[in-house]
Amino acid sequence: MYHDFNYEATLGSSLRAQWELDDVLSSDQELDFTRRFLPESLARTAALNTLNPLEQRVLNQISAHQYLCIFGVVEEFILPFLLDHARPHLLGDDWRVRAILNFATEEAKHIHLFKRFHEAFVRGFPVETRMIGPSEAIGAEILRHDPLAVGLVILMIEWMTQQHYLGSIRDDGDIDPLFKSLMRHHWMEEAQHAKLDTLIVDALAEGRTEQQIDKAIDEFFEIGGFLDEGLCQQAHFNMDALEKVIGRKLPNRADIISQQHQAARWTYIGSGMVHERFKSTLESLSPRAAQRIAEAAPNFA
Ligand SMILES: [Fe+2]
Ligand SMILES: [Fe+2]
C-alpha cells in the first residue's frame with residue numbers, strides 16, 4: 001500500500017483540528033485593503049511591470065476575490081459528491097460513515113467561511129467584480145462525469161490547498177493576516193480531507209480494468225478543460241474590474257489576461273497536479289494514468 005490512511009485515525013485528527021468560523025473571521029470584521037491578500041506565488045502580480053505597485057496590489061486583491069469565489073464553487077460540488085458517496089455505505093463501517101459525514105460538514109463550513117470573506121471583500125472593495133457561474137451550473141456539469149474522475153479532481157483540489165498555505169507562509173509577511181489565517185485554517189482541515197479522498201478514490205477504482213481507468217482519466221481531462229475555460233473567462237472579468245478601479249484602459253490588456261490566466265491555472269489545477277501525494281495515488285491506479293497527467297502538468301505551471 002502506498003499510504004497508511006484509515007477512517008478511524010483520520011476522523012480523530014479531524015476532530016482535534018476543528019475550528020469555528022469566528023476563530024477565522026467574525027461577521028463584522030474588516031479586511032485590510034492597504035495590504036496584498038494572496039501570496040505572490042499564486043497571484044503573480046509583482047511580475048507585471050506595466051502596473052505600478054498600487055495597481056499590482058489592487059489586482060492581487062481581485063485575484064483573492066477570485067480565490068474566494070472559486071473555492072466557493074468547488075466546495076459546492078464536493079458536498080453533494082460526498083453525500084452521494086456516503087449514502088450507499090450508511091450501514092457499513094461506522095468509522096467510515098462518521099469520517100465522510102464529518103468531511104461533508106467541514107466542507108459546508110468552508111463554504112460558509114468563504115462566503116463570509118466574500119461579504120467582507122464586497123464591503124471594502126470599490127467596484128463589483130463579476131464572477132463566473134452560477135455555481136449550481138458549474139457543479140452539475142462536473143458531477144455528470146464518472147465518479148472516479150470527479151473523485152480525482154477533488155483529490156487534486158484537497159492536496160493543492162496544502163501547497164497554497166505553504167506558499168503563503170513562505171511569502172513575505174505583508175499579506176493581510178486574515179487571509180493568511182484563512183489559508184492556514186483551510187489547510188488544517190483539508191489535510192485530513194485529502195486522506196479521506198484518497199480512500200474514496202481507492203474504493204471507486206477498485207476492480208476497474210486499465211481501460212476503464214483510462215476512460216476516467218479522459219473524463220478527468222474533460223473536467224480540467226471545463227474548469228480552465230472558466231478560469232480564462234474569469235481573467236477577463238478580473239481585468240474589467242481592475243480597469244474600473246484604476247480608471248484607465250490598459251494598453252497591454254491581452255498580455256495581462258494571459259499572464260493572469262496562467263497564474264490561475266497554476267493555483268487551481270497545476271499546483272494539485274504535481275503534488276507528490278496526488279501523483280502517488282495516480283501511480284497506484286495505473287502508471288499510464290500518472291504518465292498522462294504528468295505530461296499535461298507543464299501546461300498548468
Ligand atoms: Fe474545503
Ligand atoms: Fe476539503
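Start at 1 and go down the list; that is how both ligands and their atoms are numbered. Everything quoted here is computed from the prediction, not taken from an experiment.
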State whether [X] contributes an N/O/S atom found under 2.8 Å from the Fe ion (ligand 1).
X      : result
Glu190 : yes
His186 : yes
Glu75  : yes
Glu107 : yes

Of the N, O or S atoms in His110, the one nearest the Fe ion (ligand 1): ND1

Heavy-atom neighbours of Arg130 CZ exceed 12 at 6.0 Å: no

Aromatic plane relationship, Phe71 with Tyr67 - under 30° parallel, 30 to 60° tilted, over 60° perpendicular: tilted

N/O/S atom name from His193 that is nearest to the position of the Fe ion (ligand 2): ND1

Between [X] and [Y], is the ring centroid distance below 6.0 Å?
X      : Y      : answer
His65  : Phe37  : no
Phe220 : His145 : no
Tyr165 : Trp187 : yes

Glu158 N/O/S atom closer than 2.8 Å to the Fe ion (ligand 2): yes

Separation of Phe278 CZ from Gln162 CD (nearest 0.5 Å): 14.0 Å

